[in-house]
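First up is the structure itself, then whatever we jot down about it.
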Amino acid sequence: MLCRSMARSSTRLVPMTVRTRFAPSPTGYLHIGGVRTALFNWLFARRHGGQFLLRIDDTDQQRNVDAALAPILHGFRWLGIDWDEGPEVGGPYEPYYQSQRLPQYQAAVQKLLDGGFAYRDYATAEEIQAEREAATAEKRPFLYSRTWMAETPEQQAKFQSQGRLWVVRLKMPREGKLIIDDQVRGQVEFLWEREQDHVIQRNDGTCLYHLASVVDDFDFQISHVIRAEEHLSNTPRQIFIAQSLGYPLPVYAHLPFVAEPGSKNKLSKRKLDKYLKNRDFAQTNEHGLEISRRLNLQNTAETFNPVIVDFYEQVGYLPDAIINYLVLLGWSLDDKTEFMTRQQMIENFSLERVTKAPASFDAKKLWAVEDHYMQQLPLKQKVPMMLRFLQTAGLVPTPTPCEVGPQLTKIVEAAGDRLKTAGDIIAYADFFFLPEQLPESAFDAKAVEKSLKKPGAGALLAKFKTALEAVEPFEPAPLEAALHGFVEREGIKAGDIVHPLRVAVSGKGVGPGLYDCLSLLGKQTCLKRIDRAIKMAGNS
RNA sequence: GGCCCCGUCGUCUAGCCUGGUCUAGGACACCGGCCUUUCACGCCGAUAACACGGGUUCAAAUCCCGUCGGGGUCACCA
């Protein structure tokens with residue numbers, strides 16, 4: 001009975017009540033691959049008007065769950081992936097923490113024991129290990145001999161008298177095959193005889209993941225189990241548990257995992273050093289680090305890198321961009337649609353169009369999507385976002401002086417599409433908020449060397465300063481006219497004055513349009529900064 | 001090693017189920033050019049893929065078989 005195939009028609013309609021879940025372990029951070037899995041679950045539930053829930057898999061670590069969970073919940077909220085049931089929001093099936101559901105698990109174990117689908121096993125770890133090694137030596141698949149299996153009180157008494165402790169193992173079928181009809185991979189076959197008698201309850205009475213997961217999915221009425229591919233090989237034992245317990249089976253869908261940059265290996269948080277050798281990944285990381293430094297954030301490489309969602313929030317990426325990038329990792333709407341609103345994603349998402357092969361994480365592509373979204377973002381929304389970064393960096397005081405708002409709006413407008421993330425405002429606009437006398441640290445050494453210390457730069461600056469004093473109004477168009485007139489009179493190239501001038505007023509070689517910079521800075525500040533620069537140029 | 005999964009440009013993908021319209025489309029990256037006061041944007045262009053071998057067929061990226069390659073998983077972790 002357990003061996004019969006469970007083929008489903010792939011054209012079956014999705015049941016009326018769709019309920020999906022994502023089950024994070026409280027680890028203290030939210031992994032980008034996990035978010036992708038959660039996103040697909042969320043989209044599928046929303047697509048079919050169902051519920052998406054969060055269940056906390058904390059059977060292993062009872063301590064500090066709240067602290068380790070907070071960043072994860074925060075990450076989901078930031079991304080706009082809301083959950084209908086779970087931590088903080090509750091729900092009809094509370095609690096949603098595995099650590100608080102031991103009685104339910106134990107009851108299920110008892111039921112399995114009573115039905116003969118599981119047994120008490122008195123073997124020691126060494127004995128099991130010896131069998132395993134023997135099998136390896138003989139080059140045959142390992143299958144537990146069940147020597148210390150005790151199904152009757154007599155057997156149990158015998159082993160117990162030997163001072164043995166027991167665990168509960170699944171009594172897996174040893175013949176026939178299982179066919180899983182996976183919504184992404186199609187039919188997948190497994191031979192029952194290759195499945196191990198996995199432990200489902202430890203000798204201290206606590207239960208293990210597979211048992212807990214199946215019981216939870218049933219208790220929470222999960223209709224679709226959508227998870228990463230690495231769980232595919234766990235599925236037979238979970239189906240065995242579910243069937244033995246008389247549960248209806250959920251629909252399974254195994255997503256390809258998110259792979260490392262430029263490779264097919266599963267993305268993990270532990271191989272950061274390796275990913276940093278990937279140029280695109282390293283650039284994204286460095287960009288974030290630079291902003292983090294300016295923000296004086298106390299980050300460690302452990303929790304602040306492009307594999308962790310928190311990284312993107314701190315650097316000032318847009319949640320919509322992250323989501324849009326992630327939805328494209330293993331799923332496509334059609335042959336050309338790249339940018340979608342959440343509504344469009346929800347309306348179009350289907351498991352059918354999920355790819356089978358792993359998709360590598362491409363930091364450059366994410367960057368391009370972010371670029372697009374930032375350019376689309378209305379100025380009114382950009383400004384407050386950037387203001388927060390300037391304040392965190394200590395460039396603008398809190399509360400915000402009233403003149404900052406309008407000025408910042410102009411600055412952001414002038415910076416235009418140079419701003420890819422909100423954190424970029426610091427590098428592009430800090431000099432607007434620095435004192436008239438720019439601190440030494442505000443000068444880019446290379447730019448000073450290249451433009452300011454170029455022979456003749458100081459003298460040119462001094463001459464142009466005079467011309468600048470007469471410009472009225474001090475706005476982009478008259479400024480441009482003044483500069484061009486100056487270039488003509490002096491018989492020089494525009495670049496000869498433009499570059500030193502930019503470094504003089506901003507300290508950098510790159511930035512928003514020069515005339516915008518001058519105008520926004522105001523005549524007084526410009527003149528003073530030019531004076532300073534003339535001295536710097538002369539010192540060479 | 002056993003079992004399972006996967007294999008279209010460097011990367012994300014469309015096409016595959018329902019062979020022909022695919023001399024394989026889009027996007028990102030890369031390279032070249034234009035624009036330009038820097039940077040960025042934008043625009044134009046170029047390079048670039050059906051893992052391999054058989055078979056079926058008038059016709060195969062698409063169907064079948066095999067090979068090779070890559071990955072996942074084999075816990076009293078989740």
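Chain letters run A, B, ... following the sequence lines, proteins first and then strands; every chain starts at 1. Keep in mind it's a predicted model, so treat the numbers as computed, not measured.
In this model, the phosphate group of B:G15 is approached by a side-chain N or O of A:Arg353 to a distance below 4.0 Å at OP1 or OP2. The phosphate of B:C12 has OP1 or OP2 within less than 4.0 Å of a side-chain N or O from A:Ser360. Distances shown here put a side-chain N or O of A:Arg132 below 4.0 Å from the OP1 or OP2 atom of B:A75. Contact annotation: A:Arg202 side-chain N/O to B:C77 OP1/OP2 distance is under 4.0 Å. Residue A:Thr59 places at least one side-chain N or O closer than 4.0 Å to OP1 or OP2 of B:A78. Put simply, A:Lys266 has a side-chain N or O that comes within less than 4.0 Å of OP1 or OP2 on B:U73. Within the structure, a side-chain polar atom (N or O) of A:Lys264 is placed less than 4.0 Å from OP1 or OP2 of B:C12.
Between the base of B:U38 and the side chain of A:Arg418 there is a donor-acceptor pair shorter than 3.5 Å. For B:A75, the base has no donor-acceptor partner in the side chain of A:His198 [N/O atoms by modelled type, under 3.5 angstrom].
Across B:A61 and B:G25, the matching P atoms stand 14 Å from one another, rounded to whole Å. Taking the C1' atoms as reference points, B:C30 lies 9 Å from B:U47, given to the whole Å.
Using a 4.0 Å heavy-atom cutoff across all strands shown, A:Ala494 reaches no nucleic acid atom at all. Among the heavy atoms of the strands, none lies under 4.0 Å from A:Lys508. If you check every strand for non-hydrogen atoms under 4.0 Å, A:Gly262 touches nothing. Base engagement by A:Arg502 is indicated by at least one non-hydrogen atom pair under 4.0 Å involving a base atom.
A:Glu195 places its CD atom 10 Å from the C1' atom of B:C4, with the value rounded to the nearest Å. At whole-Å resolution of the value, CG in A:Leu232 and C1' in B:G72 are 9 Å apart. Following rounding to the nearest Å, A:Gln283 (CD) and B:G10 (C1') show an atom-to-atom distance of 15 Å.
Of the candidates B:U13, B:C76, B:C39, B:C39 carries the atom nearest the A:Tyr428 side chain, counting heavy atoms from C-beta on.
Taking the centre of each ring, A:Phe220 and A:Tyr96 come in below the 6.0 Å mark.
Residues A:Val184 and A:Ala253 share a closest heavy-atom pair of CG2-CB, 4.1 Å.
Nucleotides of RNA chain B nearest to A:Gly513 and A:Trp367 differ in position, and the one nearer the 5' end is that of A:Trp367.
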